[in-house]
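Read the structure below first, then the notes.
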Amino acid sequence: MSLASVIRSEQKLLLPTYDRHKILFERGRGVYLWDSKGRRYLDFLSGIGVNALGHGHPAIQKTLKRQASRLIHVSNLFFHEYQTELAKRLTQISGLDRVFFCNSGTEAWEGALKFARLYARVQNTNGHKAKWRILALDNSFHGRTFGSLATTGQAKYRDPFAPLLPGVSFVKFDNVDDLKRKFDGSVCAICIETIQGEGGVCPVSREFLQMARKLSEGTGALLILDEIQCGLGRTGRYFAYQHYGVRPDIVTVAKPLAAGLPLGAILTTNRVATAIHPGMHGTTFGGGPLACAVAIEFLQTLEKLMPHLREVGSYFRGQLESLKSKHSCVREVRGMGLMLGMELDSGDTAKFIVNELLQRGVLINRTHETVLRFLPPYIIERKQVDHVIRELDAALCRIPVPENGNTKKSTTARSTR
């Protein structure tokens, strides 16, 4: 099918939930994608962090073919051989004890919120009202379902669907004093993205996360970390919280877990697991044999890639910092490992750069209006980083700037010398 025919069909048949670039991708290999016109693109977005091993990874393809010929789905009323093996690997790398498998990040987050309320109710032995309030962060993003939206600290996502889940209060991002003010004995959970993704690639500080841990431990509330985007190697460690010396009660993961297949997981402690018994939670598709087999292969491959990921991530950040010193429109470079953001001086500037890089065959996106987001596959090499830096440098030199009421391209007006 041609791009034009696909667009016409979508306009008639699909709900208009996406503002797509007019590109029809047909195949991928490694860190590259090819469109219907045969043009090649360097993928530094990796499906918003999903294709962490790039496209067509041989180990993933081999596992897919082998398992698809054996068993794709079986009800969770029965056993298959991969869930416990995958859970064992996830608990070993996370330091947590138990796992629930689901389909997506937002489903994992919904389950985590349920478990927090459930745990508080089970622990309530004095007849008083159980803890039920949830503290979330301004600027956060946890997904598109009702509970996830209720804990998302951006009004543009929440307001069209109000009223949402009651009992949620928002804390100013990374503000320890505000966290202390809003935390009390009625709180059942503190909910944090260790690094905010949609919020502009913003890591919380060590002081803030450690205070959240201290407060929650003091009352028996749960610390829930959303690592759907920043977990599973993205920051150079298996989980971003491992940079902070903090162990959560619940952590949610998804995006790269099954290398492109839908799979999410809730990881938690034995303490929280004591509140859960059969029939309280479930899923039809989550944790099927095909997705779990692929996820095991992903984690095996990830273990070998971790040193490379850290090295190339450090190099990439250094190169982005060099552009910051050159271009005055660059406000800040943030992130860890291969989850990096470059904040520019306006949303229009960021939009221009994303489109300019697209024309140059480089895929990124912008988040929080002004931030260029880089989530490349873990298999990238320095030469690909260098290519992106050259193209980004060229794009930054072409930002339209007003002069005498007109707009023209400038190679120097936005750069410092």
- prompt: Given Glu198, which of Arg144, Arg366, Arg373 fulfils the salt bridge (charged side-chain N to carboxylate O under 4.0 Å, His left out) condition?
  reply: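 Exactly one option meets the salt bridge (charged side-chain N to carboxylate O under 4.0 Å, His left out) with Glu198, and it is Arg373.
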Can you confirm whether [X] sits close enough to [Y] that some side-chain heavy atom of one is under 4.5 Å from a side-chain heavy atom of the other?
| X | Y | result |
| --- | --- | --- |
| Arg133 | Ser169 | yes |
| Asp386 | Arg390 | yes |
| Tyr41 | Ile23 | yes |

Main chain of [Y], side chain of [X]: is a donor-acceptor contact present, judged purely on distance under 3.5 Å?
| X | Y | result |
| --- | --- | --- |
| His57 | Ala59 | yes |
| Ser314 | Glu311 | no |
| Arg334 | Val201 | yes |

May I ask you to decide whether [X] forms a salt bridge with [Y], counting only side-chain N to carboxylate O separations under 4.0 Å?
| X | Y | answer |
| --- | --- | --- |
| Asp43 | Arg29 | no |
| Lys383 | Glu381 | no |
| Arg89 | Glu303 | no |
| Arg181 | Asp178 | yes |
| Glu110 | Lys114 | no |

Do [X] and [Y] get their side chains close enough for a donor-acceptor pair, meaning under 3.5 Å?
| X | Y | answer |
| --- | --- | --- |
| Ser140 | Glu193 | no |
| Arg213 | Ser216 | yes |
| Ser186 | Asp184 | yes |
| Tyr18 | Glu10 | no |
| Asn76 | Thr283 | no |

task: Carefully, step by step, assess Arg66 and Glu297 under the rule salt bridge (charged side-chain N to carboxylate O under 4.0 Å, His left out).
output: CA-CA 12 Å; Arg66 182 186 69 244; Glu297 187 62 48; 5.5 Å; no
field: Test log, rule salt bridge (charged side-chain N to carboxylate O under 4.0 Å, His left out), inputs Arg360 and Asp393
entry: CA-CA 12 Å; Arg360 294 168 177 269; Asp393 187 20; over 6 Å; no
message: Looking at every heavy atom in both Gln196 and Phe173, which two are closest together, and how far apart are they?
response: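 Closest approach of Gln196 to Phe173, heavy atoms only: NE2-CD1, 3.4 Å.
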